[in-house]
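Numbers here are sequence positions counted from 1. The analysis underlying the following values was restricted to heavy atoms, covering all of them including side chains, and did not include hydrogens, waters or symmetry mates.
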Amino acid sequence: MEWEYMELSEGVRVLRAFGETECLEVPEEIGGLPVTEVGPYAFSTAELPRRFWMDGGKKRRTVAAGGDVMAGGRLLSVRLPSSVRVIGDYAFYGCGKLKEIAFADALERIGSGAFMGCSGVDRLEFLETGTGGRGLYQMLSELRYAMEVVIRRRDGETALVTPEYYESSVENIPARILELHFQGTGYRYRQCFRDGTIDYRAYDGLFGLAESQEPDEVLARLAYDRLRYPEGLSEGARKVYLEWFSANVRAAGKYFLERDDLPAIRLLCEVGAFDGTAGERHGGRGSDERRRVVADGAGDFYMASMGEHVLGETEPERDGGAEGGSGRGDGFGHGAGPEVSLDVLIEMAGRMGRAEIVGYLMDYRHRKRGSGRRKSFEL
């Protein structure tokens, strides 16, 4: 890689990168100085406007083999060092193929439009070094798309899913003002921070709202990550996530089986997600009323379902409660029992040709039944 940069009083500002790779890794040092800033338009294909020209500063360039400009649609991922504190205006403008961003909590400021047009980002990797910065909150505020956030620490890691959201402006003609509405639970999930760190209690408390608005794919990812990395997970919240899987066997199974994700299936089975023990949250009149209460208090989120689900209306109400009365109408879950749930998963896995998963599920079902149970046959 070859770098164009400028020396500052406390470090280096990266201005441009040249090379052949699609996965960009910004070095921690250039010329013996720490890289502290990503300059305006540094990785954008747009030309740097005159107002960003550096007066009194001298551009420098590292000595390397050279190559094409690393910018725009060429970038698939970018990894910033823990020394970076500033990302300049429109630094990644137009990087439409960018999928992954790695950064650290030393990040203090993100410029205007830094990630404008980066609609493909679906994964953030955040290094928490203990500086107490608000880098993660700032980054999530810049990106409104559904994504997985992996938080790495010295003693381990955790992962969270943040759903998508949209903003819409509605003109209040009598008051002559524009009202800003947020559609989707992603905005609220991005507010679950306290002093720059994630408030897990607030995060888990939004799942009831998400059930009424988000698609099964998002719910499955979100609940799975919380069970896989249970940091700050209360027993009550854990039960809520388990109940969702128990009541939505087909929807959850479809998501993980399509991805041939045996580790996910194994973990969910071992923690009891498919034991068929869903409580009244997902069955009967009580759950319908609970969802109405959550939805009625959603405020500006009333449009978040985008037509897929009407807030306060559940699948049984629209479909007549077909096939077992699961809260999302997937046909199995509430009161089905562990053996029925496992049979459903085995059938689905067999139809998809997931032989390894079928083998595991059959072995797990045998262990759940126990050696003391025997089938009897009459001749």
> Between Ile357 and Leu345, is a side-chain contact (heavy atoms from CB on, under 4.5 Å) present by the stated rule, with each step listed?
Replying inline: CA-CA 9 Å; Ile357 294 180; Leu345 289 175; over 6 Å; no

> Between Ala106 and Ser82, what is the shortest heavy-atom contact and its length?
Replying inline: CB-O, 3.1 Å

>> According to side-chain contact (heavy atoms from CB on, under 4.5 Å), who are the partners of Glu270, at least two apart in sequence or on a separate chain?
In response: Arg266, Tyr360, Tyr364, Arg367

> Is it the case that more than 12 heavy atoms not belonging to Asp195 sit under 6.0 Å from its CG atom?
Replying inline: no

> Do Lys239 and Glu235 sit within salt-bridge range, that is, some charged N less than 4.0 Å from a carboxylate O?
Replying inline: no

> Judged by modelled atom types alone, do Asp204 and Tyr241 share a side-chain donor-acceptor pair under 3.5 Å?
Replying inline: yes

> Do Asn248 side-chain atoms and Ala251 backbone N/O form a donor-acceptor pair below 3.5 Å?
Replying inline: no

> Do the rings of Phe256 and Phe245 sit parallel, tilted or perpendicular, given the 30° and 60° boundaries?
Replying inline: tilted

>> For Ala17, give me all partners under side-chain contact (heavy atoms from CB on, under 4.5 Å), at least two apart in sequence or on another chain.
In response: Met1, Trp3, Leu24, Phe43, Met70

>> Check Glu243 with Arg238, please: is the shortest side-chain N to carboxylate O separation under 4.0 Å?
In response: no

>> Which residues pass the salt bridge (charged side-chain N to carboxylate O under 4.0 Å, His left out) test with Arg154, not counting sequence neighbours?
In response: none

> Do you know which two heavy atoms are closest between Leu222 and Tyr189, and how far apart they sit?
Replying inline: CD1-OH, 3.6 Å

> Mind checking what makes salt bridge (charged side-chain N to carboxylate O under 4.0 Å, His left out) contact with Glu258, not counting sequence neighbours?
Replying inline: Lys254

>> Would you compute the distance between atom OG of Ser341 and atom CD1 of Ile346 and round it to the nearest 0.5 angstrom?
In response: 11.0 Å

>> Applying side-chain contact (heavy atoms from CB on, under 4.5 Å), can you list everything that pairs with Tyr229, at least two apart in sequence or on another chain?
In response: Glu157, Thr158, Ala159

>> Same cluster or not: Met139 versus Leu127, using hydrophobic residues (I, L, V, M, F, W, Y) connected whenever any side-chain heavy atoms lie under 4.5 Å apart?
In response: no

> To the nearest 0.5 Å, how far apart are CG in Leu76 and CZ in Arg74?
Replying inline: 10.0 Å

> So do the side chains of Glu217 and Leu219 get within less than 4.5 Å of each other, counting heavy atoms only?
Replying inline: no

> Do you know the tightest heavy-atom contact between Arg13 and Val38?
Replying inline: CG-C, 4.5 Å

>> Under the rule for side chain to side chain donor-acceptor pair (under 3.5 Å), what residues qualify as partners of Asp105, not counting sequence neighbours?
In response: Thr129, Thr131

> Is there a donor-acceptor contact under 3.5 Å from the side chain of Arg226 to the main chain of Ala237?
Replying inline: no

>> Within this structure, what is the NE2-CG distance for the pair His366 and Leu342, rounded to the nearest 0.5 Å?
In response: 13.5 Å

> Can you name the residues that form a side chain to side chain donor-acceptor pair (under 3.5 Å) with Glu142, not counting sequence neighbours?
Replying inline: none

>> Restricting to salt bridge (charged side-chain N to carboxylate O under 4.0 Å, His left out), what partner residues turn up for Arg201, sequence neighbours left out?
In response: none

> Between Ser246 and Phe274, is there a donor-acceptor pair closer than 3.5 Å when you use the side chain of the first and the backbone of the second?
Replying inline: no

>> Does either side chain, that of Thr185 or that of Glu214, offer a donor lying less than 3.5 Å from an acceptor on the other one?
In response: yes

> So, are Glu125 and Arg152 salt-bridged, with charged N and O less than 4.0 Å apart?
Replying inline: yes

>> With a 4.5 Å cut-off on side-chain heavy atoms, are Leu267 and Tyr224 touching?
In response: yes

>> Measuring only between side-chain heavy atoms, which start at C-beta, is Val12 closer than 4.5 Å to Met6?
In response: no

> Are Gln183 and Tyr165 side-chain neighbours, meaning at least one heavy-atom pair lies under 4.5 Å?
Replying inline: no

> Hey, is CD on Glu356 packed in by over 12 heavy atoms from elsewhere, all under 6.0 Å?
Replying inline: no

> How far apart are the closest heavy atoms of Ala252 and Trp244, and which atoms are they?
Replying inline: CB-CZ3, 4.0 Å

> With a 4.5 Å limit on heavy-atom distance, are the side chains of Val150 and Phe126 in contact?
Replying inline: no

> So do Met348 and Arg354 actually touch side chain to side chain, heavy atoms under 4.5 Å?
Replying inline: no

>> List the residues meeting salt bridge (charged side-chain N to carboxylate O under 4.0 Å, His left out) with Glu22, not counting sequence neighbours, and say none if there are none.
In response: none

>> Run the ring pair (Phe, Tyr, Trp, His ring centres under 6.0 Å) test against Tyr137 and tell me which residues pass, sequence neighbours left out.
In response: Phe193

> About how many Å separate CG of Asp89 and OH of Tyr41, when rounded to the nearest 0.5 Å?
Replying inline: 7.5 Å

Pairs under 3.5 angstrom only: tabulate donor-acceptor contacts from the side chains of residues 97-104 to other protein residues two or more places apart or in another chain.
residue : atom : partner : partner atom : Å
Lys99   : NZ   : Asp122  : OD2          : 3.2
Glu100  : OE2  : Arg123  : NE           : 3.3

> What is the distance from atom CG of Asp68 to atom CD of Glu2, rounded to the nearest 0.5 Å?
Replying inline: 11.5 Å

>> Whether Asp343 and Arg365 form a salt bridge (side-chain N of Lys/Arg under 4.0 Å from carboxylate O of Asp/Glu) is what I want to check.
In response: yes

>> Any non-hydrogen side-chain atom of Leu268 less than 4.5 Å from a side-chain atom of Leu227?
In response: yes

> Within a strict 4.5 Å, meaning less than it, do heavy atoms of the Cys269 and Leu361 side chains meet?
Replying inline: yes

Could you list the donor-acceptor pairs under 3.5 angstrom formed by side chains in residues 107-115, with sequence neighbours left out?
none

> Looking at Arg221 and Glu148, does any basic side-chain N land under 4.0 Å from a carboxylate oxygen?
Replying inline: no

> Do Arg79 and Glu25 sit within salt-bridge range, that is, some charged N less than 4.0 Å from a carboxylate O?
Replying inline: no

> When you look at Arg250 and Val344, which way does the side-chain contact (heavy atoms from CB on, under 4.5 Å) test go after all the steps?
Replying inline: CA-CA 7 Å; Arg250 284 195 180 277; Val344 171; 3.8 Å; yes

> Which pair of non-hydrogen atoms, one from Gly196 and one from Arg134, has the smallest distance, and what is that distance?
Replying inline: N-NH1, 3.8 Å

>> By the definition side chain to side chain contact (heavy atoms under 4.5 Å, CB included), identify the one residue from Arg190, Arg144, Arg188 that meets it with Thr162.
In response: Arg190

>> Hydrophobic clusters here meaning ILVMFWY residues chained together by side-chain heavy-atom distances under 4.5 Å, can you tell me if Leu80 and Leu124 are in one?
In response: yes

>> Walk me through whether Tyr5 and Glu7 qualify under side chain to side chain donor-acceptor pair (under 3.5 Å).
In response: CA-CA 7 Å; Tyr5 66 98; Glu7 292 186 5; 4.6 Å; no

> Quick one: do Val161 and Leu242 end up in the same hydrophobic cluster if we chain Ile, Leu, Val, Met, Phe, Trp and Tyr together by side-chain heavy atoms under 4.5 Å apart?
Replying inline: yes

> Atom OG in Ser44, atom OH in Tyr93: separation rounded to 0.5 Å?
Replying inline: 7.0 Å

> Which atoms form the tightest heavy-atom contact between Gly350 and Val358, and what is the distance?
Replying inline: N-CG2, 3.6 Å

